[in-house]
Amino acid sequence: METKIEKITADSLAVAKKIIFEGGVVAMPTETVYGLGGNAFDDAAVQRIFAVKGRPSDNPLIAHVHTDYDLLKIIDYDPPYAKKLREAFLPGPLTLVYPSTGKVSPYVSCGLNTLAVRIPSHEGAQAFLKAVDIPIVAPSANVSKHVSPTSAQHVFEDFNEKIPLILDGGACEGGIESTVCDVTGEIPVILRPGLVTREQIAAVVGDCGEYTPDLSAKEKVKSPGVLYKHYSPRCKTVLFSAEETQKAIAACRAETGRVAVLGEHAILAFVADMGIPFLDLGETETEMASRLYDLLREAEKVCDVLIAVEPKKQDGVMVGVLNRLRKACVSTDIPH
Ligand code: AMP
Ligand code: MG
C-alpha cells in the first residue's frame with residue numbers, strides 16, 4: 001500500500017473521510033502528537049488500529065470529537081467539575097475519562113468501564129473531525145513502544161506502506177501527549193501527566209489527585225498505558241539525575257559505540273568540549289516538551305547509547321516530560 005502525505009485541504013479531507021468510512025485508518029495532526037485515527041463506532045476499524053500499531057489489546061484508546069456538543073453525545077454522567085474543566089481547557093491537550101455508555105465500539109475501552117474523550121484544538125484535527133463528523137479513536141501514531149510522532153515524517157518512518165494517508169499539519173507544538181484525567185470520582189485524578197498540569201486543574205476545580213497504580217493489588221489498573229514501556233528510541237538509553245551529570249559524563253567515556261547526551265541547555269557547558277553530540281532540549285518547560293520526541297528520534301540515528309540527563313525543573317509540565325523520559329529508558333514492560 002502506498003502511503004501518501006497530504007497537506008490538509010478540502011480534497012485530502014474528502015479522501016480521508018472516504019478511508020475512515022470504509023474502515024481504514026488515517027494519521028492526523030493534533031496539538032500534542034500525531035494520532036492514528038479510525039471510526040470509533042466501527043469494531044473492525046478499531047481492531048485494525050491495534051493491529052497496525054502492535055498495541056497491547058488491554059491498552060484503551062482515546063475518542064476525539066470536535067465540539068463539546070459531540071462529546072456529550074457519547075457520555076452520560078457529567079459532574080459539574082468536569083464541565084468546568086472542559087470550559088477551562090478544551091479544545092486542548094486534556095483527555096477526560098468518563099463512565100462508559102456503550103455508545104462506541106467496545107474495543108475502544110478494552111474491557112474497562114470507562115471511556116476517554118478529548119477535543120483537540122489543532123486546526124487540522126478540527127477540520128478532519130468536522131469533515132468526518134463522528135468520534136475518531138486515535139492513539140499516538142507510532143509503532144507500539146516507539147517514540148511518539150510530532151511530525152508527518154515521523155509517522156511516515158513508522159507506517160510507510162502500512163496506512164494509506166497521513167494528513168500533514170506541520171510540527172506539533174505541544175510535543176507530549178495529553179494529560180489524562182479521570183472524572184468518574186469526587187475529584188479529578190490524573191492518570192497520565194501532560195501539558196495541562198495538576199496545578200492548573202486544581203486552580204480551576206479546587207483539588208486534583210494523581211494516580212499511582214498499586215501493582216501488588218488485585219484491583220484492575222485504571223490506566224493500563226502506565227504499565228508499558230513506551231516512547232523508546234531504538235538505541236540503549238540511560239537516565240541520570242541532574243546531580244549525576246558528572247557521573248553521566250564519566251559513563252559517556254566508558255561506553256563503547258557512538259554516544260550522545262540529551263539534556264537541558266544548561267548542561268551544554270559540561271559536554272561542549274567532549275566531542276560528543278549534544279541533543280539540546282532547550283531552556284523552558286514548553287520548549288523541552290515540544291523538542292523531546294524529535295530529539296529521541298534523532299538519537300536513534302546518531303548514537304548507539306543515549307545518555308539522558310534529567311532537567312532540574314521537575315514540576316508543572318516537566319512532570320509529563322520526566323514521565324516520558326523515564327519510560328523511554330525502561331527496558332521492558334512492567335509485569336501485570
Ligand atoms: P495514546 O493513545 O498512545 O496517547 O495512549 C492513550 C493513553 O490513555 C494510554 O495511557 C491509555 O491507557 C489511556 N486511556 C485511554 N482510555 C482510557 C480509559 N478509559 N481509562 C483510563 N485510561 C485510558
Ligand atoms: Mg502512545
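Predicted, not measured: the structure shown is a model, and the values here were computed from it. Atoms within each ligand, like the ligands themselves, are counted from 1 in listed order.
Here the shortest heavy-atom distance to atom 2 (O) of ligand 1, taken over A63, C110, P139, belongs to P139.
Residue T95 does not touch ligand 1, judged by heavy-atom distances below 4.0 Å. Contacts between L61 and ligand 1, counted as non-hydrogen atom pairs separated by less than 4.0 Å, involve the backbone only. With a 4.0 Å cut-off on non-hydrogen atoms, R55 touches ligand 1 through its side chain and not its backbone. At a heavy-atom cutoff of 4.0 Å, ligand 1 is contacted by the side chain of V97 but not by its backbone.
Around the Mg ion (ligand 2), protein N, O or S atoms at less than 2.8 Å comprise S140 OG, H230 NE2.
E244 meets the salt bridge (Lys or Arg N to Asp or Glu O under 4.0 Å) test with K247; sequence neighbours excluded.
Atom numbering of ligand 1 starts at 1 in the shown order; those under 4.0 Å from a heavy atom of S140 are 1 (P), 2 (O), 3 (O). Of all atoms in ligand 1, listed by their number and element, those nearer than 4.0 Å to a heavy atom of A116 are 15 (C), 16 (N), 17 (C), 19 (N). With ligand atoms numbered from 1 in the order given, ligand 1 contributes 1 (P), 4 (O), 5 (O), 6 (C), 7 (C) to contacts under 4.0 Å with heavy atoms of R192. Close approach of ligand 1 to L112 (heavy-atom distance below 4.0 Å) involves ligand atoms 18 (C), 20 (N). Residue L191 has at least one heavy-atom neighbour below 4.0 Å for each of these atoms of ligand 1: 21 (C), 22 (N). With ligand atoms numbered from 1 in the order given, ligand 1 contributes 18 (C), 19 (N), 20 (N) to contacts under 4.0 Å with heavy atoms of T114.
Looking at E300 and H146, their side chains do bring a donor and an acceptor atom within 3.5 Å of each other. Neither side chain, T9 nor D11, offers a donor N or O lying under 3.5 Å from an acceptor on the other. In summary, the side chains of T95 and R192 do not present any donor paired with an acceptor at a separation below 3.5 Å, with no hydrogens or angles considered.
Between R48 and D42 there is no salt bridge, since none of the side-chain N atoms of the basic residue sits less than 4.0 Å from a carboxylate O of the acidic one.
Annotation: N59 places an N or O atom under 3.5 Å from an N or O atom of ligand 1; distance criterion only.
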